[in-house]
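Each chain gets a letter, A, B and so on, in the order the sequences are listed, and its residues count up from 1.
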Amino acid sequence: MALVLYNTRSRCEETFQPLVPGRISIYVCGITVYDRCHVGHARSLVFFDTVVRYLRWRGYEVEFVRNITDIDDKIINRARERAEPWKDLADRFIAAMHRDVEALGCLRPDIEPRATDHIGEMIELIATLERRGLAYKVGDGDVYFAVTDFPPYGGLSGRNLEEMQAGARVDIDERKRSPMDFALWKSAKPDEPWWPSPWGNGRPGWHLECSAMSMKYLGRVFDIHGGGEDLIFPHHENELAQSCGAYDTDFVRYWIHHAFVRIDQEKMSKSLGNAFAIEDVLKEVEAEGLRLHLLSVHYRSPLDFSAAGIAESTRALVRAYETLARADEAGVAAREYGWESPEAAPLVEAMDADFNTSRAVGILFESLREANRALDAGDAGRAAEAVAVMRAVGRGLGLLLRSPSEFLGSYNARGASQAGLAAADIERLIVARREARSAKDFRRADELRAELLGQGIVLEDGPAGTTWRRA
RNA sequence: GGCGGCGUACCCAAGUGGUUAAGGGAGAGGUCUGCAAAACCUCGACUCAGCGGUUCGAAUCCGCUCGCCGCCUCCA
């Protein structure tokens, strides 16, 4: 079996061959920290986290780098609006982003470089491009990349310069040699942050940081570079031009881009004003439910954001944890299949096929049903096998990693508290109902149950007594 | 205008040339239960936006039409 992934550059699925056998280097474009992260960012965070988790589970040694853009126009403008030092603003949103990453159950990258810590590397890269005749300075310190002197320009995004210029919506800057030339270094305007450089005081262009930092940490050629599909052009096209232009390297072997989260058939984005902050969404829904929801659609298809959709995924997740809890109670041996075991083959096949998380989720629910069937039949061995598959899927997708009792406990407690009930209140009603039932007063017993149901609490009568859960 | 993508059951969503079109939710029937709930079982698209074409065979390839979306400007 071989890992196959869709490479934006070739627009084809390709069999993955790492540069160094057994090792994978991956760079993902991270967040520009001028605001809180929204659900669109969550998709990126969760998807690439899943890629890394899966590849590690799959036996690869993965080096994962995700940058933080902590200097750019938006940060400067936002800081000015709020009369806050730009660095404080960036630090604040970095902290918020880290909270979101943790809440979503994402691993931290191995290296999380910040643009402002790499100004020196960026200056060096510009100097190299200048020496090679691909960069030129205009006015009082702006430096541009000369796209017409880099023939492969447009190759990643499948465009050519003539077409782009014909339909260009950008304002023509008369000082540029070609309208498509992009900034490597921007001279500082009054009251803007700046760093000294051979071209004058200023700051780096946006695309530059990813070229400089990815090559610094992963080498001039590395395996995977990822991001949202809106980054294909111009961001990644420009990164490619800078890196290849400077060093005649392949730069990136596989480009992976995920589709957007949409809302009402439209891209979710800050500028459209339809973005939901992760932090706000997680006040209402379980983070792991959101994670499952994000993974239930293949990454190259758009995903519609809706409260109902997340609720459905959450309910499905709860069902999975309930089955794991059942298995624990039945004393089913805790096992997990490694990626090479035959039982894990369907999962590996699904995920090796360009990270088909949707199919992997299907496998999770098939094994879930099998586990329940075995538990119903009292077949602990068969249940253990099915649960082991569930756990393997969970390992690959970053799901079901908490203890069932802990997850269900907090989930149910949250439901109760939303209904304004304490666990003790519910227990008291359960006792009252038990007494009614002993007296064969089923009408009273049913009333008590209906009362709780009205508040979102379901009572279940089992052999070991009555338990409650969130509806 | 250029480039790219999508349209699968009531809803979400896999499948992209070949036995019965994954999985989840909702719905119907059943087992279990004082009644429920949960769990399990059964049922559910003769069909994959529409129309043509290629093929022994297409949801899957090609063409056209309709509808929707994205990139080309900051953007995950």
Positive for side chain to side chain donor-acceptor pair (under 3.5 Å) with A/Thr69, one of A/Arg114, A/Lys74, A/Glu209 = A/Glu209
request  = Quick one: list whatever passes salt bridge (Lys or Arg N to Asp or Glu O under 4.0 Å) with A/Asp230, sequence neighbours left out.
outcome  = A/Lys267
note = All heavy atoms of A/Ala103 vs all of A/Leu282, minimum pair found to be CB-CD1, 3.6 Å
Euclidean distance, atom CG of residue A/Leu375 to atom P of B/C41 [Å, nearest integer] = 13 Å
inquiry  = Tell me whether A/Arg159 is salt-bridged to A/Glu237, with the criterion being a basic N under 4.0 Å from an acidic carboxylate O.
reply    = no
ask   = Using the ring of each side chain (for Trp, its six-membered ring), is A/His225 parallel, tilted or perpendicular to A/His236, with breaks at 30° and 60°?
value = perpendicular
key: Base versus backbone protein contacts along nucleotides 9-22 of chain B [heavy-atom cut-off under 4.0 Å; B, S, -]   = ----SSS------B
Could you pull out all donor-acceptor pairs under 3.5 Å where a side-chain atom in residues 313-321 of chain A meets a protein atom, sequence neighbours excluded?
{"residue": "A/Ser313", "atom": "OG", "partner": "A/His293", "partner atom": "ND1", "Å": "2.9"}
{"residue": "A/Ser313", "atom": "OG", "partner": "A/Gly309", "partner atom": "O", "Å": "3.3"}
{"residue": "A/Thr314", "atom": "OG1", "partner": "A/Ile310", "partner atom": "O", "Å": "2.7"}
{"residue": "A/Tyr321", "atom": "OH", "partner": "A/Glu288", "partner atom": "OE1", "Å": "3.0"}
{"residue": "A/Tyr321", "atom": "OH", "partner": "A/Glu288", "partner atom": "OE2", "Å": "3.0"}
{"residue": "A/Tyr321", "atom": "OH", "partner": "A/Leu401", "partner atom": "N", "Å": "3.4"}
{"residue": "A/Tyr321", "atom": "OH", "partner": "A/Arg402", "partner atom": "N", "Å": "3.2"}

Would you tabulate the side-chain donor-acceptor contacts of residues 356-364 of chain A under 3.5 Å, counting partners in other chains and residues two or more places apart, or write 'none'?
{"residue": "A/Asn356", "atom": "OD1", "partner": "A/Ser358", "partner atom": "N", "Å": "3.4"}
{"residue": "A/Asn356", "atom": "OD1", "partner": "A/Arg359", "partner atom": "N", "Å": "2.9"}
{"residue": "A/Thr357", "atom": "OG1", "partner": "A/Leu295", "partner atom": "O", "Å": "2.7"}
{"residue": "A/Ser358", "atom": "OG", "partner": "A/Ser296", "partner atom": "O", "Å": "3.0"}

Side-chain atoms of residues 106-113 of chain A: list all donor-acceptor pairs with protein atoms under 3.5 Å, sequence neighbours left out, distances to 0.1 Å.
{"residue": "A/Asp110", "atom": "OD2", "partner": "A/Arg56", "partner atom": "NH2", "Å": "3.0"}
{"residue": "A/Asp110", "atom": "OD2", "partner": "A/Phe64", "partner atom": "N", "Å": "2.7"}
{"residue": "A/Glu112", "atom": "OE1", "partner": "A/His98", "partner atom": "NE2", "Å": "2.7"}
{"residue": "A/Glu112", "atom": "OE2", "partner": "A/His98", "partner atom": "NE2", "Å": "3.4"}

remark   = In 5'-to-3' order, the base (B), backbone-only (S) or no-contact (-) status of each nucleotide in nucleotides 29-40 of chain B, using a 4.0 angstrom heavy-atom cut-off, is -----BBBBSSS
Nearest-Å distance once atom P is located in both B/G17 and B/C61 = 7 Å
